[in-house]
Number of protein chains: 4
Amino acid sequence: MRDTVSRYSSAVTADETTRMGRPRSERSRRAVLHAVDDLLVDVGYAALTMKGIAERAGVGRQTLYRWWTTKAEILLEAIVDDVEEELTTPALPDAADDLAAYLRELRDFLLTSPAGHAYRALVGEAQHDPTVRDLVHTADLLGTSARAVLDRVRPVAPAMPSADLGTAQFVGPVVYQALTTGTGFPDDDLREHVRTLLDRWST
Amino acid sequence: MRDTVSRYSSAVTADETTRMGRPRSERSRRAVLHAVDDLLVDVGYAALTMKGIAERAGVGRQTLYRWWTTKAEILLEAIVDDVEEELTTPALPDAADDLAAYLRELRDFLLTSPAGHAYRALVGEAQHDPTVRDLVHTADLLGTSARAVLDRVRPVAPAMPSADLGTAQFVGPVVYQALTTGTGFPDDDLREHVRTLLDRWST
Amino acid sequence: MRDTVSRYSSAVTADETTRMGRPRSERSRRAVLHAVDDLLVDVGYAALTMKGIAERAGVGRQTLYRWWTTKAEILLEAIVDDVEEELTTPALPDAADDLAAYLRELRDFLLTSPAGHAYRALVGEAQHDPTVRDLVHTADLLGTSARAVLDRVRPVAPAMPSADLGTAQFVGPVVYQALTTGTGFPDDDLREHVRTLLDRWST
Amino acid sequence: MRDTVSRYSSAVTADETTRMGRPRSERSRRAVLHAVDDLLVDVGYAALTMKGIAERAGVGRQTLYRWWTTKAEILLEAIVDDVEEELTTPALPDAADDLAAYLRELRDFLLTSPAGHAYRALVGEAQHDPTVRDLVHTADLLGTSARAVLDRVRPVAPAMPSADLGTAQFVGPVVYQALTTGTGFPDDDLREHVRTLLDRWST
DNA sequence: ATCTAACCGAGACGGTACGTCACGTCTTACA
DNA sequence: TGTAAGACGTGACGTACCGTCTCGGTTAGAT
């Protein structure tokens, strides 16, 4: 995931040897990512504009367009690290506990965390713009962390299906609920969901 | 569902007694709904504008704003009937067959049907705009049809959990996959998913 | 001259019969012309921008572009009346006095009057933009008033050449001096110039 | 004239003693002047930009700003030699022939020559920018050559007035016509104009 | 048979973001 | 120190759409 996204910032600077002309300003890059983070909380995604980002960051508009093509692209680069960090749960001895803990974290992430808000906004934008869909699909923010947790319980869940289906069965219901209703399931429901999966996977 | 949505069109005409002045033009209403359908296919949701809808429909801008507040609202009214129709599967004797058939229909609806495209656009917009989120939540386009199918198999699935969780477990993985990757699962994966649920629900 | 320019405002409103839609706002038109007048004095032609005009006039940018294509066009419409008014001198009994009075007025107009400043800016812009050149050529702000004065003395100047050459001989030196040096000739020089012309024309 | 303008290029290199560090690149200077000449013909003055000049010349932007402050200044330096050369007519025995020949050359220069185009652009810019006005006034491109011709006929035109007025009377009408209408007078009109002047001057 | 109220289309209005362009300055590596 | 390259912050460009407004006209029930 890191590698996937760090392309955006390294593609130019790492161009084989040294570059000509003034190098890209790391200061501006950071200012933009922080500005986008702040603005998403302050005004929401719908009111998030390239102009607004540039002004908040104290950066020229051209600089934005030079390095990013879409506000979604900026947002993705801004949150990718946060998502990875916020969705990392410590391994628990019991498989059911392990999975349930992750789903609680995922639910709270989607509903309350700024990064979760950004993630939902990105998935939303992906429905309108194919470019963003590819971006979101490639970054696969949730899938990466979910797969990590599933891999941990694989020893006691030998019948777990292919990564795609397993992941979707695991996180799909929680994400679906958050995206369509803006609500999350109580802890007991999450446990019940985990048991449903483990029952079949632990044959 | 119908009633929920038909409010938007009936609120005025059915206002207790008869109204004064020129009545709402049914012709314009239909023209708008058709225009929105056409434009979604032609230009996509991102390029769908109130101005564009008005011009395509041969209708004044004011007329749009008089009866709808958002392009999402128009879109919802335009597709609600289609969704209901496209997601209605005939009951099958075997529960697993019944559920799998619905999921296949749902998958194809989300990925290929114009109404499915509109549905995804609405869920997407819901992530940006709380008003739309309530609209989508209230209409509950998918939940209604999914619940109907689940109710059919309830006799052989007595352990099925609460409607919300059961529905989310059922359709969540398929919707999640469509929204985040734009792809669908093969039929076999859908059958496997159905078996996972029925295994636990049929205690 | 009036007719030439009034085209800009009447071309649309006078379109045969009555028009559809909201009619053009005369209030906005006036606000724009006043704003352009003020700004020329305040910031000069080089710093005169469409954006600045719109903001000063309290008018949308689109409104500017809807009715004018160039800031030069706005400026021309704004000053055409002033020019006509400022360059009108009362007829004097002596031909030499009559012509000299006009040239003094013209010199002061070019060097000190706001409208004269605008005229020089327009002629300047005409050197860069063929569209403006046609505009200036067609309006022929100076030529019109100069020709009127020449016509008055024609009875005592039967050898006056064609209108174009006569006018250019008459006002050319004064305009040339103003455009290339920003200065004007003393009254005595203007009298000498008039005598030079009348000597030959009064054969 | 030459001296006046060559200040712009010699100010640094000829600074009393020898300079430290890398000397100014004569190669870059020539490239810039040629680029400005070419671009004026290709794209016109309005589309002539510092950026464009730098790219066409294969020169850094900083280099432009180091040695010139304005595109007008570059243009002036680029054409000054051409103007002098193109407006030099051989002396003719008859005064009227001499003056008329110069006016024909001046007319054609203004209307068809690239350097004439540049001159008109400079005079145009001078109306917008006081800095350029001083530049044009000081260089006095036309006045210098015109005065030279007038001096030649002075022996037979003893009543010729002060240099400024005489020059303005001589070239003013032709320049006025070119600047305001983009047209020139036929040869006969130019002869008539010369006769008007000589009639009075040869008393 | 008017009158009146609410609708209708068209389209101009003041705003504001869009993505691009040129400005003049700066920061690199190289000569 | 001069140079080419090129990124930087600034700000105007002309366009598009926003949601509102003002026209002339239409279509009903109420007078």
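Just so we're on the same page: letters track the sequence lines, and every chain starts at 1.
Side-chain N or O atoms of C:H128 include one that pairs as donor or acceptor with a backbone N or O of D:A121 at under 3.5 Å.
OP1 and OP2 of E:dC7 both lie 4.0 Å or more from every side-chain N or O belonging to B:S28. Between E:dC13 and C:W67, a contact under 4.0 Å exists linking OP1 or OP2 to a side-chain N or O. Using a 4.0 Å cut-off, some side-chain N or O of B:R66 falls inside it from OP1 or OP2 of E:dC8.
For B:E26 and E:dA6, the CD to P distance is 21 Å, given to the nearest whole Å. At whole-Å resolution of the value, CZ in A:R24 and P in F:dG9 are 11 Å apart. Protein atom CH2 of D:W68 is 13 Å distant from nucleotide atom C1' of F:dG2, rounded to whole Å. When the P atom of F:dG14 is taken as reference, atom CD of C:E73 falls 12 Å away, rounded to whole Å. Note: CZ (D:R27) to C1' (F:dA4) measures 11 Å, nearest angstrom. Here F:dA7 presents its P atom at 16 Å from CZ of A:R29, a figure rounded to the nearest Å.
Qualifying side chain to side chain contact (heavy atoms under 4.5 Å, CB included) partners for C:T49, counting only residues two or more places apart in sequence or in other chains: C:K51. Annotation: side-chain hydrogen bond (donor to acceptor under 3.5 Å, both in side chains) contacts of B:S28 (sequence neighbours excluded): B:S25. Scanning for side chain to side chain contact (heavy atoms under 4.5 Å, CB included) contacts around C:R66 gives C:Q62, C:T63, with sequence neighbours left out. Taking D:R30 as the reference, D:E26 meet the salt bridge (Lys or Arg N to Asp or Glu O under 4.0 Å) condition, with sequence neighbours excluded. Partners of B:H117 by ring pair (Phe, Tyr, Trp, His ring centres under 6.0 Å), not counting sequence neighbours: none found. For D:D42, the side-chain hydrogen bond (donor to acceptor under 3.5 Å, both in side chains) criterion is met by D:R56, not counting sequence neighbours. With sequence neighbours excluded, the residues forming a side-chain hydrogen bond (donor to acceptor under 3.5 Å, both in side chains) with D:T69 are D:E73, listed by chain and number.
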Problem set entry | Letter per nucleotide, 5' to 3', of nucleotides 25-31 of chain F [B base touched, S only sugar-phosphate touched, - untouched; heavy atoms, 4.0 Å] | BBB----
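For the pair D:R29 and D:W67, the cation-pi criterion (under 6.0 Å, within 45° of the ring axis) is not fulfilled.
Taken residue by residue, residues 50-65 of chain C places heavy atoms nearer than 4.0 Å to DNA chain F at C:M50, C:K51, C:R61, C:Q62, C:Y65.
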